[in-house]
Amino acid sequence: MERLNFQVIEKKWQEKFKSLKLYNNSPDSKKFYCLEMFPYPSGKIHMGHVRNYTIGDVIARYKFLNNYNVLHPMGWDAFGLPAENAAKSNKENPKDWTKKNIEVMKKQLQQLGLSIDWDLEIATCDKNYYKHQQELFIDFYNNGLVSRKETYVNWDPVEKTVLANEQVIDGRGWRSNAVVERKKLSQWFFNITKFSNNLLSDLEKLGGWPEKVKLMQKNWIGKSFGCEIKFELSSETSKINIFTTRPDTIFGATFIALSVDHPLSKKFINSNEFQEFKNECNKTGTTEESLANAEKIGFDTKLFAKHPFIKEKKIPIFFANFVLMDYGNGAIFGCPAHDQRDFDFAKKYNLEVIKVVSDKQEEELKEAYTGDGVIINSEFLNNLNVENAKEKIIEEIEKRGIGKRKTLFRLKDWGISRQRYWGCPIPIIYLEDGSIVPVDKSELPIELPEDINLNSPGNPLEYHPTWKNTIQRSTGKKATRETDTLDTFVDSSWYFLRFCSPNFKQKPFDEKKINYWMPVDQYIGGIEHAILHLLYSRFFTKALKDCNKEFKISEPFQNLFTQGMVCHETYKDQNGNWLYPEEIEKEGLNKAKKKSDKSSVVVGPPESMSKSKKNTIDPEIMVKQYGADAVRWFMLSDSPPEKDVQWSDIGVSSANKFLQKIWNLNYLVANRKVKKPNNQDEKDIIQGVNSFLNKIDLSINNFRFNVCIANFYEMYNFFRKYLDTNVSEKILKDNLTKIMKLMIPFTPHLAYECLELLDCKSINKWPEIDKKNLKEEIKMAVQINGKTRDILTIKKDLVENEINSIIQNSSKAKKFLENKKVVKTIFVKNKIINYII
RNA sequence: GCCCUCGUGGUGAAAUUGGUAGACACAAAGGACUUAAAAUCCUUGCCCUUUUGGGAGUGCCAGUUCGAGUCUGGCCGAGGGCACCA
């Protein structure tokens, strides 16, 4: 068998891919913006990147071959904490560390043979990038989209920085895993909540997004309908404003619960008991166990509120640990009969339980009834159902002027301040008179200083001897700079716009280019960004449209694909230490030995590759050993791309074997002597290949790359049979050329090498599918009473009578029909015939 | 607790959306070629039958249908999202 030295040909073709551009500028070309989520330059690429970028490359090359004008850029999400951490431990500047990683990873990506236009490369830590980000910040500021709030923040005591809510997982920092503390700080916010409604309703426009992702965003935005109701206190003049989604249960209200941060708490500032209670509440709150067990506790204020609809009725007021200050008004009314939480609370403090929605049961409630039903015990609401009662009571509340209809969102404004060095400086200055203003745009970029000390705790910008001190350009007044930097999610919220004109100097982007290339036609990345990155990018796009009349885009990503993770089994030695795959030797399915001392190893189930579990495989080593094409091929072959895939050395090695067979096939065809043509064989091969083209085209369009690859195997098995038949050299070559063109998106090096060997002249054009020349024969099932008794291989489009006579003459099913009366026949053309006897 | 998704051979998975279940591949067993190995190729794959055949079968239980992996209801199991959101 003829073998191919993939290292040689991959090098050869990568030279050509270096300056590869997928631009088709012919008048009938449509644009296609193919984007994969850009990587954080952490050191080396990992298998997740290989999968992500291979999928993107297939799409980009496929679209290009189909005459699209394709934008396929790549860049670096280059600001972030790891650079600072690495700098601390290696005594290296974060900038140099990042730059070095970018060089390594770029080379690795090039070794995969990706079709990227590297002339568009950007790095978010480059001042030419963050300069424009600072401009955008100022634009947002001037358009009322930035605010400064003093709030409690999630303080990570290990990282010494503020975390976004989304970066807190089960009460712990997402990176450090340290228990997060509450701390009050002045912070910058993007007013993402101004767009709550828009972000929610526009989800409907995103037909090309996975339903799952849209649902997650919907839940995150969390819209709820209800109303506010004012409760008068019986002893005071002040009022308590509550929010409820169940105003229909107002007649079942038996207590009011307030957050410990509610304004009314000021009355209790000197009460030791209250302070104790407040401390108790703060203790629970963030740790995982406390949330799980979450006992409801309250503090009786001994105050009462007047029921707004029942004269004389007084309702006790409590502070309670389960009421949050930052949702609604930090106050609720409790209706124990129809809310489980209120029910638990009422049982604990012996409060009244009044049923106002009938559950059709006589006995006392054992738990809250939250279903629909007929309203009872509620005066003018009686006999209505829940939905109608809600409407009626809101009308009544508004009529009496004691409250109003209201819609609430869970989504909170986006805190963007970070007390870190390696990020985009916030272009704000503080004047001596206390005013806070953005810097003049002419001063941008506000550059990060490079002479910093990373080994002192806290933010190096704060402690830099001079950086902070500046003057306001327009007035010459003394000022100090904001020392916080922007959350790195800001960097990735508009990079897809910068790619459209990465070298544009005057502005963040050239609107003409944006309005041509945007929106991204296909965005590809990990599901872990389902909420944060995608929601922030959507917000940015909408905010920009508000700030800039020439900007016409309202949603950034037309189609979204979220690929699954790459998994590998894990290994632990006898002492429970993780081992790398190269440290062990497998001895069967679930047995392994440590190479060094032959001790036995515990083989764990496949889990997503991570450095901490040491179950990683280095893509670069695999590429060296099996070739980039084989690695790409395997990545796509084993599982549907949206599902997790398990890495297997055997899998990649057999991918390599198959590609060698493909090469051998090309070699044989290229060197084959002319044979006498046989019409039937030639017709068969033309129809067969044409049918495969059709199948593969369909599978690519549906992102079913694993099916696609199965089709290639089938096609190979089909095609090689014709090598020894009477098919002319030309027919064989023409058809193999078509097949190799189909392989370009998957294994570009091999495909181009083979096309060169076959002397193909039009390599950058997808083969046309001749729909009239698809397979003429089909397989049809013959069933008796729903049981398949025979499978006929027959001509397409035969009618029932013709089928009947074939069966009567020769089918295996014939004997089941002898001497039987057919009651009914179900006939589906080209699929099935079913006789009921 | 609430919400969502998914259960198909020893394994990864296909199944034109209600019409041949297990394509394609991996692994395994047997065989061919070879002095031998590697490579390559072929066969097998649950139950009964020597074969021809026949039967069961897509997590479990029902239902709709001529026909269900696919639709409906209930149960069991796995994974993911949210977290006291009023």
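Computed from a prediction, not measured in an experiment: that's the story for all the values here. Order of the sequence lines fixes the chain letters, A, B, ..., with proteins taken first and strands second; residue numbering starts at 1 for each chain.
With P as the reference atom, B:G22 and B:G57 are 16 Å apart, rounded to whole Å. For B:A21 and B:U58, the C1' atoms lie 7 Å apart once the distance is rounded to whole Å. B:G19 sits 10 Å from B:G69 when the P atoms are compared, rounded to a whole Å. Comparing the P positions of B:C24 and B:G31 gives an interatomic distance of 24 Å, to the nearest angstrom. Only the P atoms considered, B:A27 is 15 Å distant from B:G12, to the nearest whole Å. With C1' as the reference atom, B:G9 and B:C2 are 37 Å apart, rounded to whole Å. For the C1' atoms, the distance linking B:U8 with B:C46 amounts to 14 Å, nearest Å. Taking atom P in both B:C6 and B:A15, one finds a spacing of 14 Å when rounded to whole Å.
Between A:F658 and A:W633, the ring planes are parallel. Angles under 30° get that label, and only those over 60° would be called perpendicular. Between A:Y349 and A:F345, the ring planes are tilted. Angles from 30° to 60° get that label. Classified by interplanar angle (parallel below 30°, tilted 30° to 60°, perpendicular above 60°), the ring pair A:Y369/A:H338 is perpendicular. Under the 30°/60° scheme for interplanar angles, the aromatic rings of A:Y536 and A:W414 are found to lie parallel.
In this structure, B:G74 is classed as anti because its glycosidic torsion departs from zero by more than 90°. Regarding the sugar-base torsion, B:U17 falls in the syn class, its angle being within 90° of 0.
Taking atom OH on A:Y369 and atom P on B:G1, their separation rounds to 20 Å, with Å as the unit. Separating the CG atom of A:L203 from the P atom of B:G81 is a distance of 19 Å, rounded to the nearest angstrom. Taking atom CG of A:L215 as the reference point, atom P of B:U5 lies 8 Å away to the nearest angstrom. Counting to the nearest Å, the P atom of B:G81 and the CD1 atom of A:I221 are 18 Å from each other. Atom CZ of A:F703 and atom C1' of B:A13 are 20 Å apart (whole Å). In this structure, the CG atom of A:L668 is 15 Å from the P atom of B:U40, given to the nearest Å. Put simply, CG on A:L698 is 11 Å from P on B:U17, counting in whole angstrom units. Atom CD of A:Q340 and atom P of B:G1 are 11 Å apart (whole Å).
A 3.5 Å limit on both hydrogen-bonding distances identifies B:G81 as the Watson-Crick or G-U partner of B:C2. For B:G73, the paired base is B:C61 (Watson-Crick or G-U wobble, both distances below 3.5 Å). Across all strands shown, B:G10 is found opposite B:C26 as a Watson-Crick or G-U wobble partner, with both distances under 3.5 Å. Across every strand in view, B:A38 sits unpaired, with no contact that passes the Watson-Crick or G-U test at under 3.5 angstrom.
At least one side-chain nitrogen or oxygen of A:K787 sits closer than 4.0 Å to the OP1 or OP2 atom of B:A56. Contact annotation: A:R704 reaches the phosphate of B:A15 (side-chain N/O to OP1 or OP2, under 4.0 Å). The side chain of A:R789 contributes no N or O atom lying less than 4.0 Å from OP1 or OP2 of B:G53.
Residue contacts shown for A:S224 are limited to sugar-phosphate atoms, with no base heavy atom under 4.0 Å away. Heavy atoms of A:K695 sit nowhere under 4.0 angstrom from any nucleic acid atom. A:K829 comes within 4.0 angstrom of no nucleic acid atom, judged by non-hydrogen atoms across all strands.
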I need a per-nucleotide contact map over nucleotides 18-25 of chain B, read 5' to 3'. Cutoff is protein heavy atoms under 4.0 Å; write B for the base, S for backbone only, - otherwise. -BBS-BSS
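Nearest heavy-atom pair across A:D248 and A:I393 is N-CG2, 3.9 Å. Residues A:K214 and A:W209 share a closest heavy-atom pair of CE-O, 3.7 Å.
Of all nucleotides listed (B:C85, B:C41, B:A83), B:A83 comes nearest to the side chain of A:W220. Side-chain proximity of A:N219 to the nucleotides B:A13, B:C42, B:C3 is greatest for B:C3. Nearest to the side chain of A:I836, among B:C3, B:C85, B:C66, sits B:C66. Comparing B:A13, B:C3, B:A86 by their closest approach to the side chain of A:L324 singles out B:A86.
Rounding to the nearest 0.5 Å places CG of A:D342 at 7.0 Å from SG of A:C335. In this structure, OG on A:S196 lies 12.0 Å from CZ on A:R410, to the nearest 0.5 angstrom.
For A:P640 and A:Y716, each mapped to the nucleotide of RNA chain B holding its nearest heavy atom, the one lying further toward the 5' end belongs to A:P640. Along RNA chain B, the nucleotide nearest to A:I650 and the one nearest to A:V323 differ in position, and the one closer to the 5' end is contacted by A:I650.
Under the ring-ring contact (aromatic ring centres under 6.0 Å, His included) criterion, A:F319 pairs with A:F268, A:F274, sequence neighbours left out.
The ring of A:F634 has its center closer than 6.0 angstrom to the ring center of A:W647.
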